[in-house]
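The sequence lines fix the lettering, A, B, ..., with proteins before strands; numbering per chain opens at 1.
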There are 2 protein chains.
Amino acid sequence: MNTATTRGQLLSHAKVLIRQRGYNGFSYRDLAERVGVKTATIHYHFPCKDDLLIEAIDDYAADEAALMQGIDAALPAGERLSRYAELFYGTPTDQICLCGMLAADFASLSDRARQAVQSFYRTHERWLGNVVADGQRDGSLEWCGDAEAAGRYLFAAFQGTLMSSRLFQTPSRRHDVVASMRIQPRRD
Amino acid sequence: MNTATTRGQLLSHAKVLIRQRGYNGFSYRDLAERVGVKTATIHYHFPCKDDLLIEAIDDYAADEAALMQGIDAALPAGERLSRYAELFYGTPTDQICLCGMLAADFASLSDRARQAVQSFYRTHERWLGNVVADGQRDGSLEWCGDAEAAGRYLFAAFQGTLMSSRLFQTPSRRHDVVASMRIQPRRD
DNA sequence: GTCTATAAACAGATAGAC
DNA sequence: GTCTATCTGTTTATAGAC
């Protein structure tokens with residue numbers, strides 16, 4: 001996404017607006033004012049609101065996937081989990097995860113948008129599930145039970161924590177997820 | 001809340017609409033059609049949308065608090081936690097927690113509504129924190145670390161799990177929170 | 001590509017009859 | 001209490017000039 005172009009600026013601001021106010025909480029007018037164009041310009045680049053939404057999700061998902069895949073798979077699982085958590089810690093205090101917000105807006109979404117949000121969730125759940133499985137093997141994470149279920153559970157906990165950290169304006173709450181886990185120093 | 005009256009029906013349907021679509025996702029027209037009145041009737045009972053919202057939150061919070069306080073405090077903590085989880089399991093598959101939804105809609109809420117949502121969160125976080133503290137004492141819950149933080153964390157996990165269980169239309173996901181905890185049979 | 005102008009539907013809200 | 005009628009502003013979206 002090139003933020004130098006009008007199109008890139010529209011996408012960039014749209015992602016922020018969705019993360020702050022949700023899909024039904026912002027209008028083409030809001031977006032146009034922030035970028036400094038007229039609403040007709042948005043319609044030129046994104047004919048309808050759903051087109052804008054789909055591109056925003058894909059864009060966001062690609063960015064987050066890149067950050068996640070940037071975590072060295074050779075590290076002990078406990079360390080990888082800590083680094084994943086750090087990605088959350090950087091979230092602006094007035095925003096939540098774009099796909100966490102859209103999961104709340106589920107009823108208002110097109111089929112395509114729903115699938116994109118589900119795909120985002122699955123990608124992160126699977127990554128976390130693999131980390132837990134590795135942690136069970138290398139002993140760097142203490143977790144009894146199904147690693148796949150742990151991945152789903154951990155991702156839900158991250159999302160819920162991001163939500164309440166914004167609700168109370170207390171970024172420190174974001175540390176609750178990792179703090180609740182017993183991360184062990186590597187045994188080998 | 002008396003569901004026999006128009007006012008009660010309005011509140012009842014408003015709570016469902018908020019839990020399905022969020023505060024910005026439904027209109028007076030939507031609500032009027034469901035109840036079978038005209039929009040002016042809603043304005044008679046609830047002059048502006050924020051009045052309706054506040055009453056919906058208070059109403060919901062009172063109902064949930066009653067259910068929560070209905071859990072016998074004499075039970076072992078592990079059992080109390082399981083019963084709390086059962087309250088979540090009964091959520092209709094197209095809805096999430098009203099206050100979980102409004103936490104997402106945070107940016108669109110009045111100060112009063114924000115405070116009501118925060119109060120709901122605090123009540124449930126505190127209750128869960130007390131359960132964890134009791135569980136540490138009676139040995140029915142295995143949890144190392146601060147019980148208060150555990151309360152915040154568990155509530156966030158419940159909320160996040162409710163969200164993803166709706167996103168994927170898989171109610172079984174709601175079991176992930178309790179399944180992840182090591183609930184021990186009472187030692188005494 | 002971006003604009004002005006405009007459409008058509010919808011939003012929350014009010015006045016006043018019954 | 002509930003209605004009809006109406007107001008005022010906003011919404012997404014399109015047509016056509018530049």
Side-chain angles (χ1 to χ4, degrees), chain A residues 1-18 20-57 59 101-102 104-114, chain B residues 1-18 20-57 59 101-102 104-114:
Chain A
M1 193 198 65
N2 182 358
T3 49
T5 63
T6 297
R7 186 192 163 79
Q9 287 228 301
L10 286 169
L11 266 177
S12 172
H13 281 86
K15 286 190 287 184
V16 172
L17 279 167
I18 294 170
Q20 288 172 332
R21 312 190 47 88
Y23 184 64
N24 294 315
F26 81 100
S27 66
Y28 269 46
R29 194 200 245 181
D30 297 324
L31 179 55
E33 277 170 6
R34 272 166 182 75
V35 177
V37 295
K38 300 294 171 180
T39 61
T41 300
I42 308 178
H43 282 285
Y44 170 77
H45 293 286
F46 307 99
C48 75
K49 208 182 175 185
D50 186 53
D51 297 323
L52 174 63
L53 176 65
I54 298 291
E55 287 226 44
I57 301 171
D59 215 65
M101 179 64 90
L102 294 176
D105 290 335
F106 185 70
S108 307
L109 304 186
S110 66
D111 273 353
R112 231 185 122 198
R114 289 179 181 188
Chain B
M1 193 200 66
N2 181 358
T3 49
T5 64
T6 296
R7 185 192 164 78
Q9 286 227 302
L10 286 169
L11 267 177
S12 171
H13 281 86
K15 287 191 287 183
V16 172
L17 278 167
I18 294 169
Q20 288 172 332
R21 312 190 47 89
Y23 184 64
N24 295 315
F26 81 100
S27 66
Y28 270 44
R29 192 200 248 181
D30 296 323
L31 179 55
E33 278 170 6
R34 271 165 183 73
V35 177
V37 295
K38 299 296 171 180
T39 62
T41 300
I42 308 178
H43 282 286
Y44 170 79
H45 292 286
F46 307 98
C48 74
K49 207 182 175 184
D50 186 53
D51 297 324
L52 174 63
L53 176 66
I54 298 290
E55 288 226 45
I57 301 172
D59 214 66
M101 179 64 90
L102 294 175
D105 289 335
F106 185 69
S108 307
L109 304 186
S110 66
D111 273 353
R112 230 184 122 200
R114 288 178 182 189

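- You'll find the side chain of B:Leu53 reaches within 4.5 Å of the side chain of B:Leu102, heavy atoms only.
- Looking at residues two or more places apart in sequence or on another chain, you find no side-chain hydrogen bond (donor to acceptor under 3.5 Å, both in side chains) involving A:Thr5.
- C:dA13 atom P lies 13 Å from atom CG of B:Leu31, rounded to whole Å.
- For the salt bridge (Lys or Arg N to Asp or Glu O under 4.0 Å) condition, no pair includes a residue of residues 36-46 of chain A, sequence neighbours left out.
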### Query
Just the dot-bracket of DNA chain C, please: which string comes out with Watson-Crick or G-U pairs under 3.5 Å, [ ] for crossing, | for another strand?
||||||||||.|||||||
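- Sequence neighbours left out, the pairs with a member in residues 30-50 of chain A that pass ring pair (Phe, Tyr, Trp, His ring centres under 6.0 Å) are A:Tyr28-A:His43.
- For B:Asp59, the side-chain contact (heavy atoms from CB on, under 4.5 Å) partners are B:Met1, B:Leu11, B:Lys15, B:Asp63, not counting sequence neighbours.
- Applying the side-chain hydrogen bond (donor to acceptor under 3.5 Å, both in side chains) test to A:Arg7 and every residue at least two apart in sequence or in another chain returns A:Glu55.
- Between B:Tyr44 and D:dT2 there is no side-chain N or O to OP1 or OP2 distance below 4.0 Å.
- Atom pair B:Leu53:CG and C:dG12:P shows a separation of 12 Å (rounding to whole Å applied).
- Taken from CD1 in A:Ile18 to CD1 in A:Ile57, the straight-line distance is 7.0 Å, to the nearest 0.5 Å.
- Every side-chain hydrogen bond (donor to acceptor under 3.5 Å, both in side chains) that B:Ser110 has, sequence neighbours left out, goes to B:Asp50.
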### Query
What is the per-nucleotide protein-contact pattern of nucleotides 9-18 of chain D, from the 5' end, where B denotes a base atom under 4.0 Å from a protein heavy atom, S denotes such proximity for sugar-phosphate atoms only, and - denotes neither?
-SSSBB----
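- Nucleotide C:dG12 holds its P atom 10 Å from the CG atom of B:Leu52, rounded to whole Å.
- Residue B:Thr3 comes nearest to B:Ser12 through the heavy atom pair CG2-CB, 4.2 Å, listed as atom of the first residue, atom of the second, then distance.
- Judged by distance alone, with hydrogens and angles left aside, the side-chain atoms of B:Arg21 form no donor-acceptor pair with the main-chain N or O of A:Ser108 at under 3.5 Å.
- Considering only heavy atoms from C-beta on, B:Gln20 stays 4.5 Å or farther from B:Phe26 through its side chain.
- Near DNA chain C, defined here as any heavy-atom distance below 4.0 Å, there are no residues from residues 6-14 of chain B.
- Shown for residues 104-112 of chain A: no residue has heavy atoms falling under 4.0 angstrom of DNA chain D.
- Take B:Val35 and apply the side-chain contact (heavy atoms from CB on, under 4.5 Å) test, not counting sequence neighbours, and it matches B:Gln9, B:Leu10, B:His13, B:Leu31, B:Val37.
- For A:Thr39, there are no side-chain hydrogen bond (donor to acceptor under 3.5 Å, both in side chains) partners at least two apart in sequence or on another chain.
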